[in-house]
Amino acid sequence: MPEITVEVGGRPYRVACEPGEESLLGEAARQLDTEARTLTQALGTGLPESRMLLMAGLMLADRLNGVETKKRAADEALLAAEQRAREAEKAARTGAEAPRPVPAQPALFTDPDGERAMALLEDMAGRLEDIADRLEADAP
């Protein structure tokens, strides 16, 4: 089993991992190190190692929870948009009136820098454009 040395909070740690997972472990350690260094800068170097690692792990877990919540909201919004697109496509085929879209809830897509939200919205927009293109191609 391969071992690599990672640095977290200015302290080296020797860690074993499965073959081929060295880069994943290194990236995880870099993320933990970023949080640990933030804590060290904020609270000083007198923070005990176990407390620093606990707090850095909790900070990462909190960030992960936020990302998962936003992902669930984006998945739900995408499913709703896809459903509306299917309904509009069906309405276009039958000549019925298409259902009115439900207004988006922008608060679900907020993040500090807006990058994740923009990526999700761009992906959704691309999918909806593909659906619109198919509808236009099928229209009489």
Side-chain angles (χ1 to χ4, degrees):
M1 185 172 280
E3 286 190 7
I4 65 171
T5 300
V6 297
E7 189 173 300
V8 178
R11 300 171 183 146
Y13 297 90
R14 192 90 179 128
V15 184
C17 62
E18 294 295 322
E21 292 186 351
E22 297 88 348
S23 64
L24 294 173
L25 178 58
E27 177 57 31
R30 279 187 286 285
Q31 291 177 12
L32 187 59
D33 181 55
T34 298
E35 299 301 329
R37 288 182 186 276
T38 299
L39 286 169
T40 302
Q41 289 173 354
L43 303 175
T45 57
L47 191 63
E49 175 182 23
S50 60
R51 177 67 89 187
M52 178 210 37
L53 291 173
L54 171 66
M55 291 178 69
L58 289 172
M59 289 168 62
L60 284 174
D62 182 56
R63 184 178 300 158
L64 178 61
N65 284 338
V67 169
E68 288 175 347
T69 299
K70 290 173 187 173
K71 182 191 177 301
R72 277 191 300 274
D75 288 345
E76 289 171 9
L78 179 58
L79 287 173
E82 288 172 344
Q83 178 63 33
R84 287 192 306 275
R86 283 191 295 275
E87 291 170 1
E89 187 176 52
K90 182 179 175 184
R93 280 194 304 264
T94 63
E97 185 177 322
R100 293 179 162 230
V102 176
Q105 297 179 5
L108 295 175
F109 298 103
T110 58
D111 58 66
D113 52 13
E115 291 178 28
R116 288 187 302 265
M118 286 306 298
L120 290 170
L121 291 172
E122 287 173 10
D123 181 56
M124 287 175 33
R127 290 180 187 201
L128 291 172
E129 286 176 27
D130 291 342
I131 291 168
D133 289 343
R134 285 193 309 246
L135 286 172
E136 287 179 2
D138 292 341

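The analysis underlying the following values was restricted to heavy atoms, covering all of them including side chains, and did not include hydrogens, waters or symmetry mates. What you see is a predicted model; the values in this text were computed from it and never measured.
The heavy-atom pair separating Leu39 from Met52 by the smallest distance is CD1-O, 3.7 Å. In this structure, Leu43 and Met55 approach most closely via the heavy-atom pair CD1-CE, 4.0 Å. When all heavy atoms of Val8 and Ala29 are compared, the pair lying nearest together is CG2-O, 4.1 Å. Counting all heavy atoms, side chain and backbone alike, Ala56 lies closest to Ala36 at CB-N, 3.9 Å. In plain terms, the two heavy atoms of Ala16 and Leu25 that are nearest each other are O-CD2, 4.2 Å. Across all their heavy atoms, Arg37 and Gly9 have their closest contact at CG-CA, 4.5 Å.
No side-chain heavy atom of Leu32 sits less than 4.5 Å from a side-chain heavy atom of Tyr13. With contacts defined as side-chain heavy-atom distances shorter than 4.5 Å, the pair Glu68/Arg72 qualifies. Contact check for Arg51 versus Leu54: side-chain heavy atoms found under the 4.5 Å cut-off.
A salt bridge links Arg30 to Glu27: at least one charged side-chain nitrogen sits closer than 4.0 Å to a carboxylate oxygen. Here Arg93 pairs with Glu89 in a salt bridge; the nearest charged N to carboxylate O distance falls below 4.0 Å.
Taken together through direct or relayed side-chain contacts under 4.5 Å among Ile, Leu, Val, Met, Phe, Trp and Tyr, Leu64 and Leu60 form parts of separate hydrophobic clusters.
For Arg11, the CZ atom is densely surrounded, since the number of other residues' heavy atoms within 6.0 Å is greater than 12.
Side-chain contact check for Glu87 and Gln83: at least one donor-acceptor pair (N or O, by modelled atom type) lies under 3.5 Å.
Between the side chain of Glu21 and the backbone N or O of Pro19 there is no donor-acceptor pair closer than 3.5 Å.
Of the inter-residue distances, the one linking Leu58 atom CG with Arg63 atom CZ reads 13.0 Å to the nearest 0.5 angstrom.
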